[in-house]
Every structure is written in structure tokens, then in C-alpha cells.
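Note sheet for the following structure.
A note on names: the letters A, B, ... follow the listed sequences, proteins ahead of strands, and every chain is numbered from 1. No hydrogens, no waters, no symmetry mates; every other heavy atom, side chains included, goes into these values. Worth saying up front: this structure is predicted, and the values here are computed from it rather than measured.
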Number of protein chains: 2
Amino acid sequence: MPQPAAQPPQQSETVARILAAAEELFSRRGFDAVSMNDIAEAAGVSKANIFHHFESKNALYLAVVRNACSDSVERLQQLQHEDGAISGQLADFAGNHLKNMLEHDQVSRLILREIVGEEGARRAQELAEKVFGQNFAMLVEIVRTGQRRGELRADLDPAMVATLLIGANVFFFESQEVLRHFKDVDFAREPERYSRMLMDILLAGIRAPKP
Amino acid sequence: MPQPAAQPPQQSETVARILAAAEELFSRRGFDAVSMNDIAEAAGVSKANIFHHFESKNALYLAVVRNACSDSVERLQQLQHEDGAISGQLADFAGNHLKNMLEHDQVSRLILREIVGEEGARRAQELAEKVFGQNFAMLVEIVRTGQRRGELRADLDPAMVATLLIGANVFFFESQEVLRHFKDVDFAREPERYSRMLMDILLAGIRAPKP
DNA sequence: TAAGATACTGACCGACCGGTCGGTCAGAAA
DNA sequence: TTTCTGACCGACCGGTCGGTCAGTATCTTA
């Protein structure tokens with residue numbers, strides 16, 4: 001029986017159901033607002049059974065985040081290619097980063113919650129920071145390459161450019177619903193347009209001036 | 001007895017102490033993670049006394065947010081002036097917006113939590129959205145003026161520019177601690193420098209090209 | 001088929017939650 | 001002095017929380 005050979009060993013169907021239910025609930029309502037009873041009911045198992053498979057509520061949460069993280073980076077890494085103008089690569093990265101967030105919004109919310117979230121809640125921060133950090137480092141590298149090639153302004157801090165780009169995406173993702181209420185904003189439901197406008201401004205700001 | 005005549009009527013010292021304690025705890029740990037007992041202890045009153053002054057935990061939270069909101073917009077409105085180049089006005093706004101957030105980080109976190117926060121938690125959203133929206137509208141107006149004056153590119157959506165600027169600030173504010181861990185980032189503790197670099201890129205991206 | 005591991009359950013625990021209750025007490029009004 | 005009021009308190013309510021446990025069903029293996 002040939003398996004994709006991904007996850008650590010394997011997952012019983014029950015465990016998978018628990019993880020799925022927990023992921024859904026945690027990312028929609030947060031850690032505190034979800035009880036083990038909720039998860040048990042949603043997964044169709046007894047609460048005690050969850051404690052049979054996971055040491056504690058914290059451990060379950062950690063497993064959920066770990067599960068979610070594993071996919072996240074891969075998706076973006078696949079999209080990397082060395083050829084083509086840097087501006088195109090940046091636009092690709094930005095567009096896909098935002099698209100990924102929106103498509104997997106539950107997972108994104110979950111990871112974001114860890115990174116941005118409460119002060120006292122250091123549950124899976126390290127884990128989430130790693131994912132986040134990998135994306136960030138990848139982006140910084142693209143910018144550096146662009147600077148070496150003379151396509152981008154050399155006087156900029158590449159980490160600043162990366163922060164700006166990722167920040168713009170994250171902010172859009174997390175305040176989508178609020179932006180919708182603002183009369184001046186008409187792009188809140190059009191992420192592709194947002195991405196295009198973002199890159200329009202950003203590229204104009206970081207492109208090396210013509211000699 | 002001449003009073004500053006600000007706040008609704010006035011506040012007994014006890015109520016003020018409760019509000020202060022609640023604000024501190026709510027903004028540091030969030031709504032769910034704070035119990036009325038915590039607040040009572042921090043304020044040095046009995047829990048029952050809190051319920052004497054506030055109808056419910058929700059009502060207390062609402063009062064805290066209302067209290068926090070009232071100052072927030074004023075601070076930025078005072079900084080507006082009609083004269084001077086738009087680029088300077090934008091830089092001022094951005095710099096002060098970030099500085100305000102950082103200086104009043106508890107209040108900021110509280111309001112941000114309402115705007116960005118959990119899905120099920122619509123406690124004081126309207127209230128917070130109003131504050132947020134006012135800042136946003138103010139900024140859009142500045143950008144529009146710049147476009148009319150020909151200082152800024154006319155082909156840009158002013159709301160997009162505002163989103164980018166506020167988003168950059170919000171993202172910096174909320175991920176400060178994470179950014180600190182990234183080896184490529186050396187500006188996480190220097191908001192002024194961040195603001196300068198931000199405006200450097202942004203202005204280059206939105207300034208009207210010379211004729 | 002017997003034995004033993006593993007998956008799973010319902011009943012249950014102490015802690016703590018938001019909120020209420022009966023009552024005390026200082027001071028203003030009469 | 002008496003009456004009334006509102007701030008304030010300790011004790012307590014029903015309910016939910018994360019977590020435990022004794023026991024049953026199911027599967028594996030010899």
C-alpha cells in the first residue's frame with residue numbers, strides 16, 4: 001500500500017477527524033472560546049477519547065497548528081523560479097501569498113493568531129514563527145537578488161521591502177471585513193486588484209531609477 | 001467649581017479604578033482570559049461592587065472601549081494642517097499614527113482586537129470601527145488633496161494609498177515582537193526609522209512624475 | 001480461542017466562571 | 001433623630017470548564 005509518505009507516521013481516521021474539527025473551531029473562534037466538549041461533539045467522539053489521543057487541550061492545539069504549518073511553506077516554495085524579472089517574481093510572490101492566505105483562511109487565521117495574538121498566549125508561537133520566518137526570508141532573498149542585478153534600488157533595506165509587502169497582505173487579509181464598510185474602499189472584495197494596485201505602488205517605489 | 005467639562009458627567013474614583021484595571025487586563029490578555037475576579041482584585045474592590053457599577057462583563061468591556069476610543073481620534077485630528085507639501089503631511093500623519101499606537105499600546109491593542117479580532121466576538125465593533133474609519137477617512141482626504149494639487153499620481157486609488165500606509169503601521173505595531181527575532185530585520189525597535197523608510201518607499205511610489 | 005493491547009465511553013471531579021443575594025455602613029435629607 | 005440612599009461586601013448560585021477514571025468494546029496475535 002504505497003503512501004504519499006508525508007506526515008509523521010500516519011493518522012488514524014479518528015485522530016484526523018478530531019484535528020479537522022479542532023482546526024475549524026480554533027481558527028473560527030480562538031482558543032479560549034472553544035471547549036473540549038465542542039470539539040468532541042463536532043468530531044463525533046467522546047471528550048474522553050480526545051484526551052486519550054492528546055495529552056491536553058494545549059497539546060491538541062499545538063498539533064493542529066503543527067498540522068497547518070506543514071503545508072503552508074511548501075506551497076510558496078514551489079512557486080519560486082530563478083528566471084524572469086525580479087518585479088515579476090515579487091508580484092507573483094505577493095499575489096500567491098495573498099491568494100494562499102485567503103484560500104486557506106482558517107489555517108492562516110490560526111497561524112496569524114499565534115504570531116499577532118495575545119501576550120500571555122505562547123502556545124505554538126515558535127512553530128508559527130518558523131513558518132512565517134521562512135516566508136519572510138524567502139522574500140528577502142528575492143529582493144536582495146533584485147538589488148544585486150541592479151533592478152531594485154540598492155539604498156533600501158531588503159527586510160523593509162519584505163515587511164511592507166507581507167504587511168500589506170496580512171493587513172488586507174485580517175481587515176477585509178472592516179474595509180468593506182468604508183465608503184472610499186471598493187477593492188475589499190477583489191484581492192487580485194488589491195495585489196495589482198499594491199505592486200503598482202510598491203514597484204514604483206523600489207525600482208532602480210533609469211541610468 | 002469649574003471642570004474641564006469633558007467626559008460624560010464625571011467618574012467616581014472607584015469607577016475610574018475599575019475602568020483602568022479592566023483596560024489594562026483586557027488589552028493585555030483579551031476578553032475571555034480576564035475574569036471579573038481578576039479585575040476586582042486589580043482594582044482593589046469586590047466583584048459585587050463592579051456589578052453594582054456595570055450591568056455585566058460585556059457592559060464593562062464596552063465602557064472600557066468607549067473610554068479608549070474617545071481620545072484616539074482627537075489626537076490625530078489636532079495634528080492636521082492645511083499648509084505644507086502633501087508629502088510632509090503624509091509623513092507626519094504616518095509618523096504620528098505609529099507613535100500614537102505605540103505610546104498608547106494598550107488602548108491600541110484593545111481597539112485593534114475589536115477590528116481584527118475573532119469572528120464571533122462582536123462586542124464593541126461598531127465603536128472601534130468608527131474610530132478606525134475616521135482616521136482612514138482623514139488620510140484619504142489628504143491623499144485626494146495631493147492628487148488635486150498634482151503632487152501625487154492621479155491614477156492611484158486614494159483609498160489604496162491610505163490602506164497601504166495604515167496597514168504598514170498596524171502590521172509593524174502588531175508584529176513588532178516577532179520581527180525582532182528575524183535576523184534580517186534590524187529596525188524592529190526603531191519605529192522612527194521604520195516610518196522614515198516606509199515614507200521613502202511609499203512616496204517614491206505615489207509621487208507624480210516630474211513633467 | 002484465550003490473552004492482551006488499544007480505542008473508546010459515560011460518569012464524574014474540583015476549580016472557576018459570570019452573576020446574585022442579603023446585608024452593612026457612611027452620609028445626605030427630613 | 002429618623003429615614004432613606006447608594007456604595008460596598010462576603011457568601012453563594014447554577015453552570016461550564018479541563019481533565020480523570022473505571023470499565024467496555026474491538027482488534028491483534030499466538
Side-chain angles (χ1 to χ4, degrees), chain A residues 1 7-65 110 113-114 117-118 120-124, chain B residues 1 7-65 67 110 113 117-118 120-124:
Chain A
M1 32 184 98
Q7 330 287 75
Q10 72 199 70
Q11 254 171 24
S12 85
E13 207 242 311
T14 304
V15 170
R17 276 221 318 279
I18 295 173
L19 281 173
E23 179 179 318
E24 222 252 280
L25 291 169
F26 280 144
S27 47
R28 258 222 328 255
R29 311 212 299 250
F31 184 83
D32 289 331
V34 174
S35 76
M36 294 302 266
N37 273 315
D38 294 340
I39 299 171
E41 194 175 346
V45 300
S46 71
K47 186 173 66 156
N49 192 17
I50 299 183
F51 281 99
H52 172 69
H53 290 286
F54 301 93
E55 201 177 355
S56 65
K57 190 186 181 186
N58 258 304
L60 170 60
Y61 184 77
L62 202 93
V64 167
V65 174
L110 201 56
R113 215 186 283 274
E114 276 303 315
E118 352 263 312
R122 296 283 132 96
R123 267 177 282 274
Chain B
M1 37 183 95
Q7 328 284 79
Q10 71 197 74
Q11 254 170 25
S12 85
E13 208 243 309
T14 304
V15 170
R17 276 222 315 280
I18 294 173
L19 281 172
E23 180 179 316
E24 223 253 278
L25 291 168
F26 279 144
S27 48
R28 257 220 331 252
R29 312 213 298 251
F31 184 84
D32 289 330
V34 175
S35 77
M36 294 301 265
N37 273 315
D38 293 339
I39 298 171
E41 195 175 345
V45 300
S46 71
K47 187 173 65 158
N49 193 16
I50 299 183
F51 280 100
H52 173 70
H53 290 286
F54 301 93
E55 202 178 351
S56 65
K57 189 184 181 187
N58 259 303
L60 170 59
Y61 184 76
L62 202 92
V64 167
V65 174
N67 213 41
L110 201 57
R113 214 187 285 274
E118 349 264 312
R122 297 282 131 96
R123 266 176 282 274

Which atom names give the shortest non-hydrogen contact between B/Phe26 and B/Tyr61, and what distance separates them?
CD1-CD1, 3.5 Å
Which part of the nucleic acid, if any, lies within reach of B/Ser46 when heavy atoms closer than 4.0 Å are counted: base, sugar-phosphate only, or nothing?
base
OP1 or OP2 of D/dC8 less than 4.0 angstrom from a side-chain nitrogen or oxygen of B/His52, does that happen here?
no
Verify the contact: side-chain N or O of A/Asn37 to OP1 or OP2 of D/dT16, cut-off strictly under 4.0 Å; return yes or no.
no
Nearest heavy-atom contact between B/Ala33 and B/Asp38 is O-OD2, 4.0 Å
Without swapping roles, check the side chain of A/Lys47 against the backbone of A/Ser35 for a donor-acceptor pair under 3.5 Å.
no
Rounded to whole Å, please give me the gap between CG in B/Leu60 and P in C/dG19.
10 Å
How many angstroms lie between CD in B/Glu24 and CD1 in B/Ile39, if you round to the nearest 0.5 Å?
11.0 Å
Just how far, in rounded Å, is P of C/dT20 from CD1 of B/Ile50?
14 Å
Rounded to whole Å, the CG-P distance (A/Asn58 to D/dC17) equals 16 Å
So which heavy atom on A/Ser46 is nearest to which on A/Ala40, and how close?
C-CB, 3.9 Å
Measure the distance from NZ on A/Lys47 to C1' on D/dT20 and round it to the nearest whole Å.
9 Å
Rounding to a whole Å, what distance do you find between A/Ile39:CD1 and D/dC17:C1'?
12 Å
Rounded distance (nearest 0.5 Å) linking atom CG of A/Leu110 with atom CG of A/Leu25:
11.0 Å
Does a side-chain N or O of B/Asn49 approach OP1 or OP2 of D/dA7 to a distance below 4.0 Å, or not?
no
Round to the nearest Å and state the distance from A/Phe31 atom CZ to D/dC17 atom P.
13 Å
Could you state the CG-P distance from B/Asp38 to C/dC16, rounded to the nearest angstrom?
11 Å
Grab the two heavy atoms, one from A/Lys57 and one from A/Phe51, that are nearest each other, plus how far apart they are.
N-CE2, 4.4 Å
Within residues 13-25 of chain A, those residues having any heavy atom closer than 4.0 Å to DNA chain D are none
Taking atom P of D/dA22 as reference, at what distance in whole Å does atom CZ of A/Phe51 sit?
17 Å
For C/dC17 and B/Ser35 - does any side-chain N or O of the residue sit under 4.0 Å from the phosphate oxygens OP1/OP2?
yes
Return the nearest nucleotide to the side chain of B/His53; candidates are D/dC17, D/dG19, D/dC8.
D/dC8
